[in-house]
Amino acid sequence: MEKKIKIGLIGLGTVGTGVVKVLKNFDNIEIKGVAVHNINKPREVEVSNLTDDPYKLVNDPEIDIIVEVIGGCNPALDIIETAIKNGKHVVTANKELLARHGAYIFDLANKYNKVILYEAAVAGGIPIITPIKTTMRVNEFESVAGILNGTTNYILTKMEEEGLSYKDCLKKAQDLGYAETNPTSDVEGYDAMYKIATLANIAFNKRIDINKIFKEGITKITKEDIDFANELGYKIKLIGLARKTENGKIDVRVHPMLVEKDNPMAKIGNALNAVLVKGHPIGEVVFSGPGAGEFPTASSVAGDILIIASELNKYDEILPMARCNHTEFANQVDILDTENSYYISITAKNIHGTIGYIGTICGKNHINILSILQKGLSSDHKSARIIVITEKCFEKDIQNAVKELENIGENDEKFISINNIIRVME
Ligand code: HSE
């Protein structure tokens, strides 16, 4: 009989519980122990060998694979580091750890001839890491763009469908358990940033410095922005984008984008995730599905466990394609040097020549206006809402134009205020 592969599971929250349930169907895998924070907490699944000391598992010579599903960097980094040094392979769902400490743990894994698999760390149940690393390996990737955060996609979808404010939709997301009580990681774009950093890393074979990723969340998006975008033929989505520029640099960022309604990404609603990969020779391919949740995420975690298990005890060096074979950091593009089209929402004083100011200042800053729309006047006739869509231009020119526009005025009164600027997806 084939030897059972023994795993140590670190974490028995939503994902860990799903992993225990899913692995019940696989006789060749034994969960030798499960480490949790509180061993007295009632659990949905029955597990033997519950411990509150993860090091019991990472130091157990019988355990082949450590599966880390606790998230965060502390103590996960030390647990994974110890596991690798003790000769164990690692499966993790930890996007933050990979984004912040990937360079260190992948080098360590290579040094100890171990693999780290992390399909669940990006877009939960959607298989995207393994396809990019293996099946699509022949491709020269041009860009990877994703709706990588379900909570924010749910909030934006509800704002559009139900005409509710950001605040009301955040509350709904919290009531449904999508958003945490402190929603910062999701709504400010950190979660999506960790995920796009990992996607950029594997698509372009370069390490990514997350401190150089431009990041903006969805907290400034208003119902009006969603309505105006809708009228102009777009939806607003939080997009993680990674693309190779003509001079070989890597442009990685996370921010809301206007997405044309016939773009496949515009059709991804509620808490779903999607990743649009462009490359040669494959062309364009879209992966979509559940980005979180007990079973979808457990599907990815358990899949990684089975991949390792299938090769363990057979080869000296398992899964060479799944390893990190590059060490060089990417030359990342500063957001000011990127070129985009822009949606600009402006509130202007109802005086002669306002549109003239906007046109003149845009022109002076090398910005071509694609369309301009005045949405009537406020009820007191004192101000107007104007929406400008620009052609592709440099971010630094937009920033300069905005500063100039906001400075126009007389005495202490400013004529123009910028409500929001949203980049448009190509
Ligand atoms: N909080 C994430 C989301 C799921 O809302 O998509 C875990 O990465």
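Residues take their numbers from the sequence shown, with the count starting at 1. Counting starts at 1 for both ligands and their atoms, following the listed order.
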Let me check something: any side-chain donor-acceptor pairs from residues 65-83 under 3.5 Å, sequence neighbours excluded? List them with distances.
residue : atom : partner : partner atom : Å
E68     : OE1  : T92     : OG1          : 2.5
E68     : OE1  : N94     : ND2          : 3.3
E68     : OE2  : I70     : N            : 2.9
E68     : OE2  : G71     : N            : 2.9
E68     : OE2  : N94     : ND2          : 3.3
D78     : OD2  : Y55     : OH           : 2.3
E81     : OE2  : K85     : NZ           : 3.1
E81     : OE2  : Y104    : OH           : 2.8
T82     : OG1  : D78     : O            : 2.6

Original post:
Ion pair present between K206 and E328, side-chain N to carboxylate O less than 4.0 angstrom?
Top reply: yes
Subject >> Any pair counted as side-chain hydrogen bond (donor to acceptor under 3.5 Å, both in side chains), so long as it reaches residues 267-288, sequence neighbours left out >> reply: none
Sequence neighbours excluded and cut-off under 3.5 Å, please list the side-chain donor-acceptor pairs for residues 294-308, or say none.
residue : atom : partner : partner atom : Å
E294    : OE2  : K21     : NZ           : 2.7
T297    : OG1  : G293    : O            : 2.8
S300    : OG   : G124    : O            : 2.7
D304    : OD2  : Y118    : N            : 3.2
D304    : OD2  : E119    : N            : 2.8

Subject >> Stacked cation flag K223 on Y166, 6.0 angstrom / 45 deg >> reply: no
**OP:** Report the C-alpha distance between Y112 and N86 in whole Å, list the side-chain angles of each, state the deciding distance to 0.1 Å, and finish with yes or no for side chain to side chain donor-acceptor pair (under 3.5 Å).
**Re:** CA-CA 9 Å; Y112 284 83; N86 285 344; over 6 Å; no
Find all protein N or O atoms under 3.5 angstrom from an N or O atom of ligand 1 and list the pairs with distances, or write 'none'.
residue  : atom  : partner : partner atom : Å
ligand 1 : 1 (N) : D186    : OD1          : 2.9
ligand 1 : 5 (O) : N149    : ND2          : 3.4
ligand 1 : 5 (O) : G150    : N            : 3.4
ligand 1 : 5 (O) : T151    : N            : 2.9
ligand 1 : 5 (O) : T151    : OG1          : 2.5
ligand 1 : 6 (O) : G150    : N            : 2.6
ligand 1 : 8 (O) : K95     : NZ           : 2.7
ligand 1 : 8 (O) : D191    : OD1          : 3.2
ligand 1 : 8 (O) : K195    : NZ           : 2.8

